[in-house]
Visitor: 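Starting off with a structure, shown below.
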Amino acid sequence: QVQLQESGPGLVKPSQTLSLTCTVSGASILSNFHYWSWIRQPPGKGLEWIGYITPGGGTHYSPSLKSRTFISRDTSKNQFTLQLSSVTPEDTAVYYCASRSPDGARYDYWGQGTQVAVSS
């Protein structure tokens, strides 16, 4: 079974960079069957797609967050990461890593989510 687990600080100060890591087990992050994605849900709001990294290492980001988002991977650790710079309290959310099917039809696997608060 494919499993994903988010890790990283639960509190980030405004203007700093939010950094999270997703550790994947049960599948290689080089697998052609997965686009490794980051999604978030602010309090009281719906899910917001952040971006993904493909098996080939290409990335694609939400237009609203592109200027502040960087997704990378460490294939030796079977991990991929999220860096969101210049954060504000509006970036407070539960952050999820997930696997998106290459055809974009669905997200098959999700991490449990991790709460990140942006606050002084």
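Sequence positions, counted from 1, serve as the residue numbers for this chain. None of these values were measured; they are calculated from a predicted model.
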Visitor: Are Thr114 and Val94 close enough that some pair of their side-chain heavy atoms sits under 4.5 Å apart?
Guide: no
Visitor: Find out whether Glu6 and Gln112 are in side-chain contact, i.e. whether some heavy atom of one side chain is under 4.5 Å from a heavy atom of the other.
Guide: yes
Visitor: Keeping the roles fixed (side chain from Ser31, backbone from Ala27), state whether a donor-acceptor pair exists under 3.5 Å.
Guide: no
Visitor: Could you tell me whether the side chain of Arg40 and the main chain of Glu48 form a donor-acceptor pair under 3.5 Å?
Guide: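 It does not hold such a pair.
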Visitor: Would you check if Leu47 and Tyr96 make a side-chain contact, meaning some heavy-atom pair closer than 4.5 Å?
Guide: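 In short, these two side chains touch, coming nearer than 4.5 Å.
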Visitor: Once rounded to the nearest 0.5 Å, what's the spacing between atom SG of Cys97 and atom CD1 of Ile53?
Guide: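 Reported value, rounded in 0.5 Å steps: 13.0 Å.
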Visitor: Considering all heavy atoms of both residues, which atom of Gly46 and which atom of Pro42 are nearest to each other, and what is their separation?
Guide: O-CD, 3.6 Å
Visitor: Is there side-chain contact between Tyr35 and Pro55, with heavy atoms separated by less than 4.5 Å?
Guide: yes
Visitor: Can you tell me how far CH2 of Trp38 sits from CD of Gln83, rounded to the nearest 0.5 angstrom?
Guide: 11.0 Å
Visitor: Do Val24 and Gln5 touch side chain to side chain, with heavy atoms closer than 4.5 Å?
Guide: no
Visitor: Without hydrogens or angle criteria, can the side chains of Thr81 and Ser72 be said to hold a donor-acceptor pair below 3.5 Å?
Guide: yes
Visitor: What distance separates Leu4 CG from Ser37 OG, expressed to the nearest 0.5 Å?
Guide: 9.5 Å
Visitor: Flag yes if Ile29 and Val2 sit in one hydrophobic cluster, no otherwise; membership is Ile, Leu, Val, Met, Phe, Trp, Tyr, and two members link when side-chain heavy atoms are under 4.5 Å apart.
Guide: yes
Visitor: Do Arg100's NZ or CZ and the ring of Tyr107 fall within the cation-pi criteria of under 6.0 Å and 45°?
Guide: no
Visitor: Give a yes or no on whether Leu20 and Leu65 share a hydrophobic cluster (residues Ile, Leu, Val, Met, Phe, Trp, Tyr; joining criterion: side-chain heavy atoms under 4.5 Å apart).
Guide: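 Both belong to a single hydrophobic cluster.
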Visitor: Distance from Ser25 atom OG to Asn78 atom CG, nearest 0.5 Å?
Guide: 8.0 Å
Visitor: Fit a plane to each ring of Trp36 and His34, take the angle between them on a 0 to 90° scale, and name the class: parallel (under 30°), tilted (30 to 60°) or perpendicular (over 60°).
Guide: parallel
Visitor: Give a yes or no on whether Val118 and Leu84 share a hydrophobic cluster (residues Ile, Leu, Val, Met, Phe, Trp, Tyr; joining criterion: side-chain heavy atoms under 4.5 Å apart).
Guide: yes
Visitor: Decide side-chain contact (heavy atoms from CB on, under 4.5 Å) for Asp108 and Ser101; before the verdict, give the C-alpha distance in whole Å, the side-chain angles of both, and the deciding distance to 0.1 Å.
Guide: CA-CA 7 Å; Asp108 291 317; Ser101 59; 4.2 Å; yes
Visitor: If I take atom CZ from residue Phe80 and atom OG from residue Ser99, how far apart are they, to the nearest 0.5 angstrom?
Guide: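 Rounded to the nearest 0.5 Å, the CZ-OG separation comes out at 8.0 Å.
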Visitor: Thr21 and Gln79: side-chain donor and acceptor closer than 3.5 Å?
Guide: no
Visitor: State, with a plain yes or no, whether a side-chain heavy atom of Leu18 is found less than 4.5 Å away from one of Tyr95.
Guide: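 Contact flag for Leu18/Tyr95 side chains = yes.
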Visitor: Is any side-chain heavy atom of Ile50 less than 4.5 Å from a side-chain heavy atom of Tyr61?
Guide: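 Not touching, per the 4.5 Å side-chain cut-off.
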Visitor: For Ser19 and Thr17, test the side chains for any donor-to-acceptor distance below 3.5 angstrom and give the result as yes or no.
Guide: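 Distance-only check fails for Ser19 and Thr17.
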Visitor: Quick one, Leu11 and Val116 - any side-chain contact, counting heavy atoms below 4.5 Å?
Guide: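 No, every pair of side-chain atoms sits at 4.5 Å or beyond.
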Visitor: If you measure from NZ on Lys45 to OG1 on Thr92, what distance do you get to the nearest 0.5 Å?
Guide: 10.5 Å
Visitor: Same cluster or not: are Val87 and Leu82 linked, directly or through other Ile, Leu, Val, Met, Phe, Trp or Tyr residues, by side-chain heavy atoms under 4.5 angstrom apart?
Guide: yes
